[in-house]
Amino acid sequence: MNPSSQQNFWKKFTKTNWEKAPLLLQDSASALQEIKEDQIFSMLVEYSNQCRKLKSPQGFKLFVEGQLQYAEDLLQFLPVKKDKSFLGYHTRMEKYFSDYCLVCDELLQVSQENRKPLQQFTENLFSHVGFPNRFVEMGLYLGNYKKTPFGVHVDGCGVFSFPVVGKKTFRLWTPKFVEKNPALNRAHNYSKFKKHSQVLEARPGDMTYWPSSAWHIAESDGSFSATWSLGIWVDRSHFDVILEALGPLLQKTLGLHGETKVTGQKNGQKSDKKKSLHSRDGQVVDLPQNFQETILKIESLSKNQLYDAFLKSWLELSSKQGFKTFPRQTPRNKISLDSVIQTSSLKSILWSKNKSKNRISCAFQGTVLELPPSHEMLRLIKDLNLGKKCRISDYLGLSKNKKDLASIQILADAGAFS
Ligand SMILES: [Fe+2]
């Protein structure tokens, strides 16, 4: 898809489909179609290898005949390089199971090779619909299961699906219909509701989307399929974001006052009967002392302090580029003034000036740092973001801020430099 038809697609998608209506796009020319079956299989093997190394199948679920298997039994059934392909893996699995479904929702952890098309897709999406307040995760469903093991269900996420092997059939119902027909919730037998459903049938090369409110189940005739997906979690409200952003600021502003364990009078003071907090007829005439003090403390907050609290929250969210997780970083050697560092073209270190204090905030993949203002450090960050290879001593050699090197180490540990 050329850039202008891509923009048209996203405009139309935003207007017609986003959080509104399902979509089946046949032979979709999205950037994500660059990610082929063998690459998804390699990602799955790489993540399986990580799990075997850590002796934990976290991120995987295996259902056999619709029953969730114990995690401790799972490692032996994960894909290995020797399987060579999804079909190779299936040949091994079908010897044991006539109906199995393997789910993995942590493919982002091994997405380094496919970062570019993933980011291109999500950047386009977010530039039209906004950043999800929760995150995007990359999942995979494979097997010869006839129906999604947990029946008809709804998730907190809108889903883009990309079949890579076999045909995939999704059956969807609107939230309104399920509200009137609650028997559909977790149903495995739903024949009488079929005529009210919408069916999306997708093959490799196609893309489907359904909004977060769509109830759905996958169906198959028992032949093998493998489908990966991007789940756009939209179950976190702006209100939740605000509460989380204000928490640390309120904690700092209230100090010990926020630790008070009783309400009604100042600690250590005897109650004053004349100042009863409610009248004889039950009317509460005033707030207890500590609430009144709280009001004074909150009133003392400035607009700039609120700005900085929200800035931190936004830097954390936007520096993750909406993703839930990132590929694991191999530990980097200790950074010194002689180190030469560079960031990948897909990764920027975000930065901004704080308004309530003389500090710079910078962020990388969800790690947010506050730095003393330093022209040298800012020059370094800007050059790194322009893709330059930077010898740290060329920037910080004259810096009086000893903390700068420690900050660069934190960014290095977060995986900012290649
Ligand atoms: Fe689902």
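Ligands are counted one by one from 1 in listed order, and the atoms in each one are counted from 1 as well. Residues: numbered from 1 along the sequence shown.
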Stepwise side-chain hydrogen bond (donor to acceptor under 3.5 Å, both in side chains) test for E201 and Q26: CA-CA 9 Å; E201 240 181 47; Q26 285 170 325; over 6 Å; no
Worked check of side-chain hydrogen bond (donor to acceptor under 3.5 Å, both in side chains) between E179 and T174: CA-CA 9 Å; E179 205 179 304; T174 64; over 6 Å; no
Residues R171, E219: salt bridge by 4.0 Å N-O rule: yes
Short N-O contact, K55 and E72, less than 4.0 angstrom: no
Under-2.8 Å protein N/O/S neighbours of the Fe ion (ligand 1), ordered by chain then residue number: H153 NE2, D155 OD2, H216 NE2
Aromatic centroids of F170 and H216 separated by under 6.0 Å: no
Cation-pi check, R115 onto F323 ring (under 6.0 Å, within 45° of axis): yes
